[in-house]
Amino acid sequence: MTRLPIFVPVAGSHVAAVVTAPADPRGLVLLLAGTGRHNSIGSSFSASLSERLAADGLASVRLD
């Protein structure tokens with residue numbers, strides 16, 4: 001499993017995200033927490049869900 005932080009430039013700032021992927025992913029899930037929390041990529045729920053998806057063969061991207 002690979003975990004890769006990425007920073008996408010947006011209007012003079014950036015959006016932070018983490019990509020979690022198994023060796024040979026069969027799909028991609030975009031995790032959008034929608035909780036209003038500003039630290040969703042660091043939450044234990046998002047991190048554990050990303051690992052569970054990777055164990056099932058799916059890559060995921062979780063946004064901050």
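We count residues from 1, following the sequence as given.
Across all their heavy atoms, A21 and A54 have their closest contact at C-CB, 4.5 Å. Scanning both residues, L63 and L32, for their nearest heavy atoms gives CD1-CD2, 3.4 Å.
For the pairing with L58, the side-chain contact (heavy atoms from CB on, under 4.5 Å) check across V29, T20, L28 returns one residue only, V29.
Follow the hydrophobic side-chain contacts under 4.5 Å out from L4 and you never reach M1; the two are in separate clusters. V10 and F7 are not part of a single hydrophobic cluster, where members link through side-chain heavy atoms under 4.5 Å apart. Both L53 and F45 sit in one connected hydrophobic cluster of ILVMFWY residues. Membership requires side-chain heavy atoms under 4.5 Å apart, directly or through other members.
Looking at R62 and S46, their side chains never bring a donor and an acceptor atom within 3.5 Å of each other.
Between the side chain of R26 and the backbone N or O of D56 there is at least one donor-acceptor pair closer than 3.5 Å.
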